[in-house]
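Here the structure is a predicted model, which is why all the values come from computation and not from measurement. All chains are named by letter (A, B, ...) in the order of the sequence lines, taking the proteins before the strands, and each is independently numbered beginning at 1.
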2 protein chains.
Amino acid sequence: MDSLFEALAHPTRRRILELLKGGGMSAGAIAERFDVSKPTMSGHFAKLRAAGLVQAEIRGTSTIYTLNLSTLEEVMMAFMARLGVGDDATEPREESA
Amino acid sequence: MDSLFEALAHPTRRRILELLKGGGMSAGAIAERFDVSKPTMSGHFAKLRAAGLVQAEIRGTSTIYTLNLSTLEEVMMAFMARLGVGDDATEPREESA
DNA sequence: AGACTAATAAGCTTATCGGCTAACAAAGGC
DNA sequence: GCCTTTGTTAGCCGATAAGCTTATTAGTCT
């Protein structure tokens with residue numbers, strides 16, 4: 001959980017996730033979209049991997065990164081639930097009937 | 001958005017939010033629950049305020065912090081939507097019918 | 001084998017973060 | 001008026017994060 005929120009703390013890493021929404025991309029292809037060096041990007045990838053937010057598949061000389069939304073969804077929902085967001089019991093219950 | 005994710009990046013700050021789920025609390029009462037100095041806690045409060053995650057109401061000599069869930073919900077939902085989470089169009093649509 | 005490409009690892013620098021103590025500001029109570 | 005309580009501000013320090021350049025690893029191709 002800590003590693004996930006830390007990973008999300010950096011704008012570049014959040015943008016990487018958005019980029020991957022459209023499907024897997026190689027490390028180089030992703031790096032091209034940003035104004036930082038490739039090693040710096042590699043560091044960002046490592047944090048996203050550590051958080052379980054992306055999966056890396058080595059294909060020949062390339063590394064293809066794909067989004068792992070289930071991790072994000074799980075952790076986010078767990079956290080929101082702990083705060084009572086989306087929890088029907090939090091508010092005085094104003095159901096339709 | 002940046003300030004919100006930065007605020008959430010620290011475990012102590014996430015725990016503060018959970019603590020506030022039960023209702024408003026004074027800065028001192030919150031600080032008692034943690035093993036860090038009061039000035040350090042004050043710094044955490046400042047970041048949560050900057051992110052709009054809590055509201056401060058000065059009551060006499062005390063500062064009462066209350067949770068501001070709407071900010072969290074808004075930003076989280078916007079972010080998730082950008083990634084396609086909870087978006088029906090993402091998966092091949094396997095509705096009941 | 002050797003050259004080239006893709007990505008990461010190593011090493012370094014700078015800036016920011018999280019913690020502390022000490023000092024300060026403001027409100028309340030005696 | 002003064003002391004106490006509460007919380008924040010100021011100033012400092014060590015650790016970590018984010019960036020860079022250079023070096024290394026691993027795969028492909030000729």
Side-chain angles (χ1 to χ4, degrees), chain A residues 1-20 22-68 72 75 79, chain B residues 1-20 22-68 72 75 79:
Chain A
M1 179 136 190
D2 283 23
S3 64
L4 189 137
F5 277 103
E6 268 177 40
L8 292 180
H10 200 287
T12 295
R13 290 191 289 264
R14 291 198 301 273
R15 283 218 294 141
I16 292 172
L17 295 180
E18 289 181 36
L19 211 54
L20 289 179
M25 286 177 72
S26 75
I30 300 171
E32 273 177 11
R33 311 293 203 86
F34 296 85
D35 275 343
V36 294
S37 70
K38 249 177 5 170
T40 295
M41 289 302 289
S42 191
H44 286 312
F45 297 147
K47 290 202 171 142
L48 290 172
R49 264 185 277 128
L53 284 167
V54 300
Q55 272 174 328
E57 180 205 349
I58 295 172
R59 176 104 62 100
T61 167
S62 286
T63 306
I64 309 294
Y65 284 105
T66 52
L67 197 50
N68 193 348
L72 179 68
V75 176
F79 175 63
Chain B
M1 177 139 191
D2 282 25
S3 64
L4 188 138
F5 277 103
E6 267 177 41
L8 292 181
H10 201 285
T12 294
R13 289 191 291 263
R14 292 197 301 275
R15 283 217 293 141
I16 291 173
L17 295 180
E18 291 180 36
L19 211 53
L20 289 178
M25 286 177 72
S26 75
I30 300 170
E32 272 178 12
R33 311 291 202 90
F34 296 85
D35 274 342
V36 294
S37 71
K38 256 192 335 190
T40 296
M41 290 301 289
S42 190
H44 286 311
F45 296 148
K47 290 199 172 146
L48 290 172
R49 264 185 279 130
L53 283 167
V54 300
Q55 273 175 328
E57 181 205 348
I58 295 172
R59 176 104 62 101
T61 166
S62 286
T63 307
I64 308 295
Y65 283 105
T66 51
L67 197 49
N68 193 348
L72 179 69
V75 176
F79 175 64

Would you list the protein and nucleotides 11-15 of chain D atom pairs, both N or O, that sit under 3.5 Å from each other?
none

Base, sugar-phosphate, or nothing: which does A:Ser62 touch, judged by heavy atoms less than 4.0 Å apart?
sugar-phosphate
Indicate yes or no for a side-chain donor-acceptor contact from A:Arg13 to the backbone of A:Leu8 under 3.5 Å, with no hydrogens or angles considered.
no
Just so I know, are the side chains of A:Leu20 and A:Ile30 near enough to count as touching, which here means a heavy-atom distance under 4.5 Å?
yes
In Å and rounded to the nearest 0.5 Å, what is the CG to CG distance from B:Leu48 to B:Leu4?
9.5 Å
To the closest 0.5 Å, what do you measure between NZ (B:Lys38) and CD (B:Glu32)?
8.5 Å
Please test A:Lys47 against A:His10 for side-chain contact (heavy atoms from CB on, under 4.5 Å), starting from the C-alpha separation and ending with a verdict.
CA-CA 10 Å; A:Lys47 290 202 171 142; A:His10 200 287; over 6 Å; no
Could you measure the distance from the CE atom of B:Met25 to the CD1 atom of B:Ile16? Nearest 0.5 Å is fine.
10.0 Å
Hey, what's the ring geometry for A:Phe79 with A:Phe5, parallel, tilted or perpendicular (30° and 60° as the breaks)?
perpendicular
Across the strands shown, which category fits B:Ser37 at heavy-atom distances under 4.0 angstrom: base, sugar-phosphate, nothing?
base
Between B:Met25 (CE) and D:dT6 (P), how many Å, whole number?
14 Å
Under 4.0 angstrom, heavy atoms only, what part of the nucleic acid is A:Thr40 near: base, sugar-phosphate, or nothing?
base
Checking A:Leu19 against A:Arg15 for the side-chain contact (heavy atoms from CB on, under 4.5 Å) test, could you report, in this order, the C-alpha distance in whole Å, the side-chain angles of both residues, the deciding distance, and whether it holds?
CA-CA 6 Å; A:Leu19 211 54; A:Arg15 283 218 294 141; over 6 Å; no
Span of DNA chain C in contact with chain B (heavy atoms, under 4.0 Å)
C:dC17 to C:dG28
Mind listing the residues from residues 41-48 of chain B sitting with a heavy atom below 4.0 Å of DNA chain D? Number order is fine.
B:Ser42, B:Phe45
Among residues 8-17 of chain A, which contact DNA chain C at a heavy-atom distance under 4.0 Å?
none
Residue set satisfying side-chain hydrogen bond (donor to acceptor under 3.5 Å, both in side chains) with A:Arg49, at least two apart, ordered chain then number -> A:Tyr65
One character per nucleotide, please: for nucleotides 25-30 of chain D, 5' to 3', B when the base has a protein heavy atom closer than 4.0 Å, S when only the sugar-phosphate does, - otherwise.
--SS--
Round to a whole Å and report the spacing from OH of B:Tyr65 to P of D:dT6.
15 Å
